[in-house]
Amino acid sequence: MDLKQLLLKDTMIMDLKATTKEEAIEEMVDKYYQVGVIDDKELYKADILKREAQTSTGIGDGIAMPHARDKAVKRATVLFAKSAKGIDYQSLDGQPAYLFFMIAAPDGADNLHLQALAALSSLLINPELVKNLKAAKTADEVQTLFDKAMQEKEAKDKADEEKQKAQEAAAEKADADDSQKPYVVAVTACPTGIAHTYMAEAALKEQAEKMGVDIKVETNGSEGVKHKLTANEIKRAAGVIVAADKKVDMPRFDGKHLVNRPVSDGINKAEELINLAVEQKAPVFHAEGGSDVAEESEEKKSLWSKIYADLMNGISNMLPFVVGGGILMAISFLLENSVGAKSQWFLFFNNVGNYAFSFLIPVLAAYIAVSIGDRPALLPGFVGGYMASQATASVVSSKSPAGFIGGLLAGFIAGWVIVFLKKWLKKLPHTLDGLKTILIYPVLGLLLTGAIMYFIVDPVFAVVNAAITHFLESMGTGNAVILGTLLGGMMSIDMGGPFNKAAYTFAIGTFTATQDGALMAAVMVGGMIPPLAIAIATTFWKDKFTEQERQAGLSNYILGLSFITEGAIPFAAGDPLHVIVSSVIGSAIGGGLTQLWSVNVPAPHGGIFVTPLANKPLLYLLAVVIGAVISGVIYGVWKPAKKNN
């Protein structure tokens, strides 16, 4: 694909007016919307901000590359923008950004699109091109500069490919000796796989050439793995560089000196990484028994951060079962009202939904375990979760299963059992390595996890879960209102973060244990209110918002009614105090009202569209309206007036 098809002249902004990072993103997203590259500004902007929250895309040297790949994008495009004064973009080198490349990739982008985007990203390593772009005055100049740079890169890539083939041929004839150049291998990867992956590849290759080092770089990008490293190449290498912000295939590097860094270090610290690999100063990586390699550039994570990451891995894999099974169950309840409980249509939807729900706790436990102990932990985690979901007579007879609490513990227990086994079996002869994954880990992992679940967790937490269930079922109105207020407010504190997920998971756990949708009503109302409050404020206090914000506010009506709390995130990111405080107040009131009025919604998702399932549909809607109006009014009145430029 010709780069001219990506770098469209009508998307270029040759004089960016923004003075802050947030304004720059807003201005570029707005330009995309004006020319029809995207059809949903808020969705695209939310994904841009989500990527920025992981690591700033201000890569240094005056360049920023915000990027997102989602369904709002109609065609792959790169928006070029310049700022004469520079903008504090929280770049990795702490310097202002002058050149901006906002990359938009469709959700279903084909390989041609992705290859062109990768090529464009790697061109920006060229300091001469960057210098000329800063001096460019017109959109035509920008396109001409990239055309020339692309032609030069294609010629260099062809030469490099021929050189690589020659090296591989030489390696087949003889082992590496002292007369040969040092040889290292590398892997680059970033979460979206569009920009940083290929910029790190280009930076490492360019620096290696300057240092007289031969290198092969495998990229794990959006188009899949390219230039995959072979076993012979890894064996030949003096060291391995992994510059990645997502999980890559690591066991193949067992026994090699390995440098493990974020992808940004591959771009900005290529020389340091190559020196560590060539001089074999990096720790030796061991695939079994845990790695000796630390995330060298990351601060040591707190225990809570690690627990939260493991928990989120379980919840994220469980949610499709919640939503898919829950919606089908909700449809079955609607059908039951019209065709009866003995209809095949009702039985079909209800049974399929229940089958999906029966996997919630096993999947939750399995993927918590995998996050801790990797693939060997899948089996004991899954079985431990299944044991927690069943009311079995172990050492203590109980009609209640250990439930969600037991499932959470099963996941952590299984994961750490495998970690323990890896360390315990670390010194076994290498001839037995093949038996570890197919025999030792499955048998011992299942035995130890099963024993802990059978003799300790299931008996204890079956009683605890039964007590919680009894408390919830017998809870008085006053206690119910307090709990509903708390859960509703938590849905708005971080709008998709740990507080939101904790409240939602608690409601799901209660729903699966009791089949009572009272708390589902509280979290559903609490989650709908933030985007609806944004919509109300932008409708009735128009003068306090920009035109773009008013348009985004309209879309929040739909997002709010659909129980998509994340629609409020772009507003919360720009004005966290006013948005979050007002949202929490309204959500807490709405959640409390559902319990005061004994509203019950037997569905885990759906927002306003599952109103027919509510036992008191009008009061369910009224709780949403009251909470949203209160939040919207507080936000609209409290928000400072828009400054005139």
Side-chain angles (χ1 to χ4, degrees), residues 50 54 191 246-247 290 301-326 354-390 401-422 441-442 445-446 448-450 452-453 456-458 460-462 464-465 468 487 490-491 494-513 519-520 523 527 565-566 604-605:
K50 188 183 296 183
Q54 294 172 343
K246 69 177 185 179
K247 194 171 183 179
K301 291 184 177 179
S302 67
L303 177 62
W304 165 245
S305 298
K306 182 68 175 70
I307 291 173
Y308 176 68
D310 298 333
L311 179 61
M312 286 301 103
N313 193 58
I315 290 176
S316 63
N317 282 283
M318 177 192 74
L319 282 179
F321 292 82
V322 174
V323 176
N354 273 296
Y355 293 150
F357 252 52
S358 68
F359 285 97
L360 296 189
I361 297 176
V363 168
L364 173 71
Y367 283 95
I368 289 174
V370 167
S371 179
I372 298 169
D374 217 337
R375 290 185 62 185
L378 180 67
L379 165 66
F382 209 106
V383 175
Y386 180 76
M387 291 175 70
S389 69
Q390 302 300 304
F404 255 74
I405 300 175
L408 290 172
L409 289 173
F412 285 102
I413 289 167
W416 284 106
V417 161
I418 294 299
V419 170
F420 165 76
L421 288 175
K422 285 181 177 181
Y441 291 150
L446 181 58
L448 292 174
T449 302
I452 295 171
M453 292 298 297
I456 302 174
V457 175
D458 275 358
V460 172
F461 285 93
V464 172
N465 195 45
I468 292 174
L487 293 176
M490 287 175 67
M491 293 297 291
D494 50 8
M495 303 176 189
F499 284 98
N500 176 286
K501 289 292 188 293
Y504 186 69
T505 303
F506 180 77
I508 288 292
T510 303
F511 181 50
T512 56
L519 297 185
M520 288 310 311
V523 298
T565 315
E566 288 81 358
H605 211 285

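Atom CE of residue Met387 and atom CD1 of residue Ile361 lie 13.0 Å apart, to the nearest 0.5 angstrom. Between the CG atom in Leu446 and the CE atom in Met453 there is a gap of 11.5 Å [rounded to 0.5 Å].
Lys422 has its side chain within reach of Tyr441: a pair of non-hydrogen atoms, C-beta onward, lies under 4.5 Å apart. Residues Val457 and Ile452 have side chains in contact (heavy-atom distance under 4.5 Å, counting atoms from C-beta outward). Within the 4.5 Å cutoff, side-chain heavy atoms of Ile413 are placed close to those of Val417. Side chains of Val383 and Thr449 form no contact here, defined as non-hydrogen atoms less than 4.5 Å apart.
Aromatic ring pairs are classed by plane angle as parallel below 30°, tilted from 30° to 60° and perpendicular above 60°; the pair Phe359 and Phe382 is perpendicular.
In this structure, Met491 and Tyr504 approach most closely via the heavy-atom pair SD-N, 4.1 Å.
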Candidate pair Leu364 and Leu408, rule side chain to side chain contact (heavy atoms under 4.5 Å, CB included), full reasoning: CA-CA 7 Å; Leu364 173 71; Leu408 290 172; 3.7 Å; yes

One pair to check against side chain to side chain contact (heavy atoms under 4.5 Å, CB included): Ile368 and Ile372. What are the steps and the verdict? CA-CA 7 Å; Ile368 289 174; Ile372 298 169; 4.2 Å; yes

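For residues 355-381, the salt bridge (Lys or Arg N to Asp or Glu O under 4.0 Å) pairs, not counting sequence neighbours, are Lys247-Asp374.
In this structure, Ser358 contributes its side chain and Tyr355 its backbone to a donor-acceptor pair below 3.5 Å.
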